[in-house]
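These notes concern the structure reproduced below.
The chains referred to below are lettered A, B, ... by the order of the sequence lines, with proteins before strands, and numbering in each begins at 1.
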There are 4 protein chains.
Amino acid sequence: MDRRVRRTRKLLGNALLELVQEKKFEQITIQDITDRADLNRATFYLHYGSKEELLADSLESYFDALVEQITPLTLEKPIWESPAAEGIVFAHVAEHAELYRVLLGKNGMGYVINRVIDYIAEFSLLQLKAGLNSIEPQAPIEIAARHVAGSLYALITWWLMNDMPYTPHEMAEMTTRLCVNGTVSTPAAQE
Amino acid sequence: MDRRVRRTRKLLGNALLELVQEKKFEQITIQDITDRADLNRATFYLHYGSKEELLADSLESYFDALVEQITPLTLEKPIWESPAAEGIVFAHVAEHAELYRVLLGKNGMGYVINRVIDYIAEFSLLQLKAGLNSIEPQAPIEIAARHVAGSLYALITWWLMNDMPYTPHEMAEMTTRLCVNGTVSTPAAQE
Amino acid sequence: MDRRVRRTRKLLGNALLELVQEKKFEQITIQDITDRADLNRATFYLHYGSKEELLADSLESYFDALVEQITPLTLEKPIWESPAAEGIVFAHVAEHAELYRVLLGKNGMGYVINRVIDYIAEFSLLQLKAGLNSIEPQAPIEIAARHVAGSLYALITWWLMNDMPYTPHEMAEMTTRLCVNGTVSTPAAQE
Amino acid sequence: MDRRVRRTRKLLGNALLELVQEKKFEQITIQDITDRADLNRATFYLHYGSKEELLADSLESYFDALVEQITPLTLEKPIWESPAAEGIVFAHVAEHAELYRVLLGKNGMGYVINRVIDYIAEFSLLQLKAGLNSIEPQAPIEIAARHVAGSLYALITWWLMNDMPYTPHEMAEMTTRLCVNGTVSTPAAQE
DNA sequence: TCCTAAGCGAGACGGTACGTCTTGTCTTCCA
DNA sequence: TGGAAGACAAGACGTACCGTCTCGCTTAGGA
């Protein structure tokens, strides 16, 4: 039945997300997962071909939730006028801090890290395309978008690994300022 | 016999660096490594406790070489006057492109990725500290340094994964411009 | 209701008897049987607890048919005056050659083999008891009966495995002669 | 090392021969065997591909020992003058009664049963060939040999299953008498 | 004629064994 | 003494069956 299947998959997903916070992903066994989910090991294979597949499936929901929240804000106004979208991202990360600490932090998962950066870069690209009708960027916009994505990723992980010493709003503001204005008010701009 | 030992370790290291370009790190076995190095499997354990250990040992040389090249340039003059250090980094990456593609790219190794970002952030911190005697940064310098590191990392991987469509020098220039001036010539700077 | 049930059981039985000629009994799965019978696997368990049980059920009919044919002949006259019963046995075996080749031959089923020998021994015992009112046997009649049964079994399997090079009647005659007179015309009998 | 390997194989063989007396062969697992032998399950597969293979290997020794004892006696004099060979067989069976009870008895192993009968038939064939220079057999000698083999097999199992109520010597005598003279002193021979 | 219990299909699941693959340890022997 | 060779324990892997269960559909037989 569909209900049973959905239940089983959710149990598996939750078990994995729990375990991922306890030990390194590579050394989580299928047995570990099914033990935690109170299911038989063979049952796992009725639903997923590998724990990677299960992880991907389980992460979808997190990302989907986030994307839905942000989408309306994205194209509304140029990023340099409002860091609202960034604020939501930092808030979302804070909400699932333990999980992201594992996925992105020291010994994080390369696959997830790059997936996240790609994701952000795509959004930035849209933002930049929308906002840059007249203004000249400092580099081809793909590269600029990538720059923003790398920055955001690095600040998120820094923030997570340092026990989130600022509010999501503050982080969003700093991120935006750094990306829009550059690291420093340059000597040229200072005059 | 010191000579034999060093020889054995180098054989192991080279074998691993070769293999890492052929298949995903996690599914390289000790047997694979020793087969490639024409050594007995048991011999591996006389020298290393895990393939991670061997990898770390083998990567040292790459990083060390790079660090030595850059160090003198780092503190010489503020980054915004010369992207020389960045240029060297991009050239180094180009030289070992296949390797970094594996270590940092899609399905890269989380450990290495974060290690690299940390590394860059430390350097940026030094650069910023040296250059910012009078100038006000847009954010606490740890954060600014982290921002630069994330950006550099993201641009390196973008460049690698897109078959290096610009010269190292061009990449360095763009990176510097984006970091120093921000993504766009800001409205403020436009006037 | 009953008609459907009987139909289902017959389908299962036929499927098994077919399969038993295609692969070794132990490696026939319940799934194999129900696939062949165009039934659901769970349905098997509504009728039988194991494939052994199904086999036993299915074999009954074969044995029953045989026993009915033979019974009247058995006690009529001493075996050494007529090998009629043996003839019927060989004919029956010939009729179901493929099946018995599997059940009794190389890699046959120990259970069936011994069941068959026991069966024959029981009949021989009755025959001998009836015929030996005055004549002295060469050994206790249980043993003599067992001897006859072993011989008949061995000759049946030899005959089957060698593509039945004699007619059932010839086999029956030889069997009877060997059992009654012994392997050779003994020196004593030669005189 | 060779010594270790031989030791391991013997451990496995003994474990299996023990287990075979405790439960049906088919439901002995590899784990059962290696548990009993105090070895790791994987080790089993370094030496044998299946428990059947192990059993065959383990049984060799029994048969070999027996064959060596009998061979010199076999061709010495015609069977009808001395049941010495048969006596040795029954003694051998008695010595390993528990084992043969399992291998040959009710729920015995078809493979072993037929192997044993074939084995005996081959010997009988040699005996008959040697002894029958002048005397006329009651049937083609392959068939006569098969008859003897079936008889011997049936008597061995009868004897085993009935707690060996006669001495090996007595059994050998009866077997010989039944095979040589036939079940009864026939009416014809009686005159 | 309806309706209702049985037969059955479909398939999820717990459970057990399979045969394979790595890992790490050990022992023996050679250069 | 460093390394080759290889046996072994340990334990996860993915697969294959088993037996049980629940859920619907259908279909025949008694009301």
Side-chain angles (χ1 to χ4, degrees), chain A residues 1-9 11 26-35 37-51, chain B residues 1-9 11-12 26-34 37-51, chain C residues 1-9 11-12 26-34 37-51, chain D residues 1-9 11 26-35 37-51:
Chain A
M1 292 304 105
D2 226 20
R3 210 171 43 250
R4 282 154 77 201
V5 169
R6 272 202 310 279
R7 196 187 96 96
T8 297
R9 296 197 181 181
L11 286 172
E26 317 111 50
Q27 57 205 36
I28 295 172
T29 68
I30 307 292
Q31 188 73 259
D32 287 339
I33 299 171
T34 51
D35 279 0
D38 260 319
L39 290 169
N40 189 275
R41 188 163 68 86
T43 301
F44 178 93
Y45 293 103
L46 294 177
H47 298 280
Y48 298 104
S50 66
K51 55 189 176 178
Chain B
M1 307 281 125
D2 228 17
R3 205 165 54 245
R4 282 158 76 198
V5 169
R6 272 203 309 282
R7 195 187 94 96
T8 298
R9 297 196 182 181
L11 285 173
L12 289 170
E26 317 111 51
Q27 57 204 36
I28 294 172
T29 68
I30 309 291
Q31 187 74 261
D32 286 339
I33 299 171
T34 51
D38 261 319
L39 290 169
N40 189 272
R41 189 164 65 85
T43 301
F44 178 93
Y45 295 102
L46 297 177
H47 299 280
Y48 299 103
S50 66
K51 56 187 178 179
Chain C
M1 300 303 119
D2 227 19
R3 202 163 57 245
R4 283 156 77 198
V5 170
R6 272 202 310 280
R7 195 186 96 96
T8 298
R9 296 196 182 181
L11 285 173
L12 289 170
E26 317 111 52
Q27 57 204 36
I28 294 172
T29 68
I30 308 292
Q31 186 73 259
D32 287 338
I33 299 171
T34 51
D38 261 319
L39 290 169
N40 189 273
R41 189 163 67 84
T43 301
F44 178 93
Y45 295 101
L46 297 177
H47 299 280
Y48 299 103
S50 66
K51 55 187 177 179
Chain D
M1 295 301 109
D2 226 19
R3 207 169 49 248
R4 282 155 75 201
V5 169
R6 271 202 310 279
R7 196 188 95 96
T8 297
R9 296 196 182 180
L11 287 172
E26 316 112 51
Q27 58 204 34
I28 294 172
T29 68
I30 308 293
Q31 187 74 260
D32 287 338
I33 298 171
T34 51
D35 279 359
D38 260 318
L39 289 169
N40 189 273
R41 188 163 68 87
T43 301
F44 177 92
Y45 294 102
L46 295 177
H47 298 281
Y48 298 103
S50 65
K51 55 188 176 178

What's the [atom1]-[atom2] distance between [X] and [N], to the nearest Å?
X: L46(D); N: dC26(E); atom1: CG; atom2: C1'; answer: 15 Å
X: R7(C); N: dT27(F); atom1: CZ; atom2: C1'; answer: 13 Å
X: I33(D); N: dA17(E); atom1: CD1; atom2: C1'; answer: 12 Å
X: R4(A); N: dA12(E); atom1: CZ; atom2: C1'; answer: 4 Å
X: R6(A); N: dC13(E); atom1: CZ; atom2: P; answer: 12 Å
X: K51(B); N: dT22(E); atom1: NZ; atom2: C1'; answer: 10 Å
X: Y48(D); N: dC18(E); atom1: OH; atom2: P; answer: 17 Å
X: F44(B); N: dG2(F); atom1: CZ; atom2: P; answer: 18 Å

Problem set entry | Candidates dG3(F), dC8(F), dC13(E) - which lies nearest the side chain of H47(D) |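 Closest of the options to the side chain of H47(D): dC8(F).
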Exercise. Between atom CD1 of I30(C) and atom CG of L12(C), what is the distance when rounded to the nearest 0.5 Å?
Worked result: 9.0 Å
Problem set entry | R9(B) side, atom CZ; T43(B) side, atom OG1 - distance, nearest 0.5 Å |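 Going from CZ on R9(B) over to OG1 on T43(B), the span is 12.0 Å.
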For this session: On DNA chain F, check which nucleotide each of D32(C) and L39(B) is closest to and give me the residue with the more 5' one.
Result: L39(B)
Exercise. With respect to the phosphate group of dG3(F), does any side-chain polar atom (N or O) of T8(B) fall under 4.0 Å of OP1 or OP2?
Worked result: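 Affirmative; the distance criterion is met.
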Problem set entry | Short side-chain N/O contact from T43(A) to OP1 or OP2 of dA12(E), under 4.0 Å |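 No, outside the criterion.
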For this session: Write down the atom of T34(B), the atom of N40(B), and the distance for their closest heavy-atom approach.
Result: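 Minimum heavy-atom separation between T34(B) and N40(B): CG2-O, 3.6 Å.
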For this session: Quick one: closest heavy-atom pair of Q27(B) and K51(B), and the distance?
Result: N-NZ, 4.4 Å
Exercise. Are any of the side-chain heavy atoms of F44(A) and Q31(A) separated by less than 4.5 Å?
Worked result: no
Problem set entry | With sequence neighbours excluded, residues passing side chain to side chain donor-acceptor pair (under 3.5 Å) with T29(D) | D32(D)
Sub-3.5 Å pairs of nitrogen or oxygen atoms, protein against nucleotides 15-17 of chain F:
none

Exercise. With sequence neighbours excluded, what pairs up with L11(A) under the side-chain contact (heavy atoms from CB on, under 4.5 Å) test?
Worked result: R7(A), A37(A), L39(A)
